[in-house]
Amino acid sequence: MRETVRVRFAPSPTGFLHLGGARTALFNWAFARKYGGVFVLRIEDTDLSRSTEESVRVILESLRWLGLLWDEGPEVGGPYGPYFQSQRLHLYREYAEKLLQKGLAYECFCTPEELKERKERVIAQGGSWRYDRRCLHLSAREREAFRREGRKPVLRFRIPEGATTFVDMLRGDVTFDNGELDDFVILKSDGMPTYNFACVVDDALMRITHVIRGDDHISNTPRQVLLYEAFGFPCPQFAHIPMILGKDRTRLSKRHGSPSVTYYRDMGYLPEAMVNYLARLSWATGEEEKEIFTREEIIERFSLEQVTKHAAVFDLDKLNWMNGVYLRAADPERLAEILIDILKRQGKVTEKDLTPEFSAYCRRVMALMRDRIRYVAQILEEAEYFFTEYYEYDPQAVESVLFEEKVPEILRTSYELLKDLEPFDAATIEKAIRSEAERRGLKAAQFIHPLRVAVSGKKVGPGLFELLEVLGKERVLARIARTLRFLEKG
RNA sequence: GCCCCCAUCGUCUAGCCAGGUUAGGACAUCGCCCUUUCAAGGCGACGGCAGCGGUUCAAAUCCGCUUGGGGGCGCCA
C-alpha cells in the first residue's frame with residue numbers, strides 16, 4: 001500500500017563535500033535504508049560557471065569514503081536518469097513551456113541592471129522589494145520589440161494569490177503568505193533552469209517521496225510547492241534538518257577551519273567515526289550512555305521524529321574523542337595503510353621506502369600509538385621520532401629528566417646492557433632493565449624516563465619497552481649515543 | 001527592513017507532543033585512583049531549563065510577549 005520511499009541528495013559541484021552536506025546525505029541515506037527505500041544522488045550542475053568535474057569527483061569520492069552509497073545516480077545509473085541536471089535541460093524547457101502555455105509563467109525582459117535600479121529605489125524608500133511584474137502583461141508586439149533590441153527574456157513563474165502551507169515532518173505546518181513571494185525566475189535568459197524549478201521538475205520526475213534537506217531551504221519550499229501545484233504533481237513530504245554551525249554560531253564554512261570531508265579523511269579520521277559523529281549531531285535515540293553506533297545501529301534506530309529542530313555546533317573535541325574510540329578498536333593493519341597514505345602525501349616517504357618491512361613497521365607503530373591518538377596524522381605532529389633520526393629534544397624534558405645527575409651513567413649502562421641483548425623484545429628489555437636498576441639500588445623509573453627522552457626526545461609516549469622494541473636495537477643504540485654526545489656538549 | 005525557523009549544562013543531547021523527575025547521559029574541564037610517562041580505564045566534582053507574564057493544586061513541559069540565535073529575501077544552489 002505504501003509507495004516505495006525515494007529520497008535524494010542533490011549537491012551542486014562547486015567545491016568539496018562539506019560536513020553539512022555530508023550530514024544531509026547521511027540522513028537521507030539512513031532514512032532510505034531504514035525503510036527499504038531508494039537513495040538517489042543527483043548532481044545540480046546548472047551553474048556552469050561554478051560547477052567543475054573535479055568537484056563532482058571529490059563529492060562522489062567523499063560519499064563513497066563515508067560509505068553512503070547511492071542506489072541511483074552518477075556512475076551507477078538508474079531508471080530516472082540522467083542524474084546530472086546539465087543533461088536534463090530539455091526536460092526543464094519542456095516543463096517550462098507547459099507553464100507558459102497554461103499562463104502560469106511569463107516572459108520578462110527586464111535586465112539585471114534595470115531590476116537592480118528599481119530594487120534600490122524601492123528599498124531607499126523603505127519598502128521591501130518584490131518583482132514589480134512590469135512584464136506580466138506584455139503584448140506580443142512589445143515582446144517582439146524587446147527581442148529586436150536584442151534582449152533575451154527570462155521566464156518567471158506567476159505567484160498566485162493566497163497563502164501556501166506545507167507540512168514539515170519535523171515542525172508541522174509552515175505557512176507563507178504568497179504576497180511574500182515574488183514571481184521568481186524559472187528559466188534564465190540563457191535557457192538554464194534555476195534551482196527551485198529544476199529541483200521540482202527533477203524531484204517529481206524522479207518520483208522522490210521525501211525531500212530531506214537543510215533548513216536553509218525552508219523559505220524555498222513554498223515556491224516549490226506552488227510549482228508542484230501548477231504542474232499537478234504530487235507533493236513530496238518535506239523534512240528540513242538543522243544546519244551545522246561553527247563555534248561562532250554561524251554557518252559552518254571555510255572560516256571555521258576545514259569543513260570538508262576529504263580534510264578529515266586526510267587527517268586520518270575513520271569514516272565510521274565521522275558517520276557516527278555526524279549522525280549524533282541533531283539526532284539522539286535517548287539511550288543513556290550510548291554514543292557509539294555502528295552504521296547498522298544508526299539505520300535501525302533512525303527516525304526523523306528524533307531529529308532536533310535547532311542548529312548544532314560542530315564540536316571538534318567530541319569528534320576527536322569519538323574517533324579515538326574507533327581508532328582503539330581498529331585493526332593496526334588498516335591504520336598502517338592510512339598512516340602510509342599520510343606519509344606519502346606529506347612527502348615523508350618515497351616509493352622506494354615502501355617495502356613490506358616498512359609496512360610491518362608502520363603496523364607496529366600503529367599498534368603502539370592507536371591508544372593515544374585521536375587521528376592518525378597526530379603521530380606526525382607528536383611522535384615524529386618514529387620516522388626521523390633528527391627529532392628534537394623537548395626543552396622541558398631535557399631540563400627535568402636529562403639534566404639529572406646520574407643520567408649519563410644510566411644511559412651508558414643502558415647502552416652496554418642493550419647492545420648484546422637478544423632477543424630485542426619488550427619483555428626481555430624490561431627484565432634486563434628492571435634487574436639492572438635493582439642491582440644498582442635504583443628505581444626502574446630512573447632508567448625508564450631518561451631512556452624515553454633519549455630515544456624520542458619526549459617525556460610522554462607509549463610504554464618504553466614496547467617503544468624500544470619497535471624502534472629496534474640499532475636505532476635505539478644510535479639514539480642513546482646521540483643523546484650522550486648531546487649531554488657532553490652541555 | 002520584511003518573512004520564516006529555532007531556544008535544556010561551555011558543546012551534543014534525553015525529558016516536552018500525553019504537566020508532578022534529586023532535570024539524565026556524552027564530550028570538554030577539574031580532582032582522586034590505577035600507573036614507568038602519556039593515553040585508556042574507574043570514581044567523583046563542576047555546570048543548564050534565556051527572561052517575563054498567564055493557565056494550573058502543580059510548568060523545562062501548555063499559551064502569550066520579550067530577548068537572543070539561525071536562515072531566506074539572486075538570471076547561486
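Fair warning: this is a prediction, and the values are worked out from it, not measured in the lab. Lettering follows sequence order; numbering is per chain, from 1.
Regarding contacts with the backbone of G72(B), a side-chain N or O of Arg251(A) is found under 4.0 angstrom from either OP1 or OP2. Proximity of Arg249(A) to the phosphate of U11(B): a side-chain N or O atom is located under 4.0 Å from OP1 or OP2. Remark: His240(A) is not in phosphate contact with C4(B), judged by side-chain N or O atoms under 4.0 Å from OP1 or OP2. Remark: Thr111(A) is not in phosphate contact with C75(B), judged by side-chain N or O atoms under 4.0 Å from OP1 or OP2. For the pair Thr308(A) and U13(B), the criterion of a side-chain N or O lying under 4.0 Å from OP1 or OP2 is met. In this model, the phosphate group of U36(B) is approached by a side-chain N or O of Arg434(A) to a distance below 4.0 Å at OP1 or OP2. Look at Lys188(A) and you'll find a side-chain N or O under 4.0 angstrom from OP1 or OP2 of C76(B). Phosphate contact (OP1/OP2 of A77(B), side-chain N/O of Thr46(A), threshold under 4.0 Å): present. For Lys318(A) and G10(B), the shortest distance from a side-chain N or O to OP1 or OP2 is not below 4.0 Å.
Comparing G25(B), G70(B), U37(B) by their nearest atom to the side chain of Arg452(A) picks out U37(B). You'll find that the side chain of His449(A) is closest to U36(B), out of A28(B), U36(B), U13(B). Side-chain proximity of Ser128(A) to the nucleotides U36(B), G1(B), A77(B) is greatest for G1(B). For Val460(A), the side-chain atoms get nearest to C38(B) when compared with the rest of C6(B), C75(B), C38(B). Nearest to the side chain of Arg372(A), among C75(B), A77(B), C38(B), sits C38(B). Set against U13(B), A77(B), C75(B), the side chain of Ser282(A) has U13(B) as its closest nucleotide.
For the pair Arg156(A) and Tyr131(A), the cation sits on the ring face: its NZ or CZ lies under 6.0 Å from the ring centre, inside 45° of the axis. With Phe27(A) as the aromatic partner, Arg23(A) meets the cation-pi criteria of under 6.0 angstrom to the ring centre and within 45 degrees of the ring axis.
Whole-Å rounding puts the Phe386(A) CZ to C38(B) P distance at 17 Å. Look at CG on Asp315(A): it is 11 Å from C1' on A26(B), rounded to the nearest Å. Atom OH in Tyr92(A) sits roughly 11 Å away from atom P in A77(B) (whole-Å rounding).
Here the separation of A50(B) from A59(B), taken at their P atoms, is 15 Å to the nearest Å. A distance of about 15 Å separates the P atoms of G24(B) and G20(B), rounded to the whole Å. Using atom P as the reference point in both A45(B) and C27(B), the two lie 15 Å apart (nearest Å). C46(B) and A26(B) have their C1' atoms separated by 16 Å, with the value rounded to a whole Å. Separating the P atom of C32(B) from that of U22(B) is a span of 33 Å, rounded to the nearest Å. Nucleotides A60(B) and U29(B) place their P atoms 32 Å apart, quoted to the nearest Å. When the C1' atom is compared between C17(B) and U61(B), the two are found 9 Å apart, to the nearest whole Å.
Under 3.5 Å, the side chain of Arg171(A) and the base of C5(B) form no donor-acceptor pair of N or O atoms. Interface remark: the Ser189(A) side chain does form a donor-acceptor pair with the C75(B) base, using a distance-only criterion of under 3.5 Å.
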**Request:** May I have the step-by-step check of side chain to side chain donor-acceptor pair (under 3.5 Å) for Lys188(A) and Thr194(A), ending in yes or no?
**Result:** CA-CA 7 Å; Lys188(A) 306 179 207 173; Thr194(A) 57; over 6 Å; no
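Of the options Asp202(A), Asp45(A), Asp47(A), a side-chain hydrogen bond (donor to acceptor under 3.5 Å, both in side chains) to Gln85(A) is made by Asp202(A) and by none of the others.
Trp70(A) has its side chain out of reach of Arg42(A): every pair of non-hydrogen atoms, C-beta onward, lies at least 4.5 Å apart.
Taking the six-membered ring where the residue is Trp, Tyr269(A) and Tyr264(A) present perpendicular rings, their angle passing 60° and hence far from 30°.
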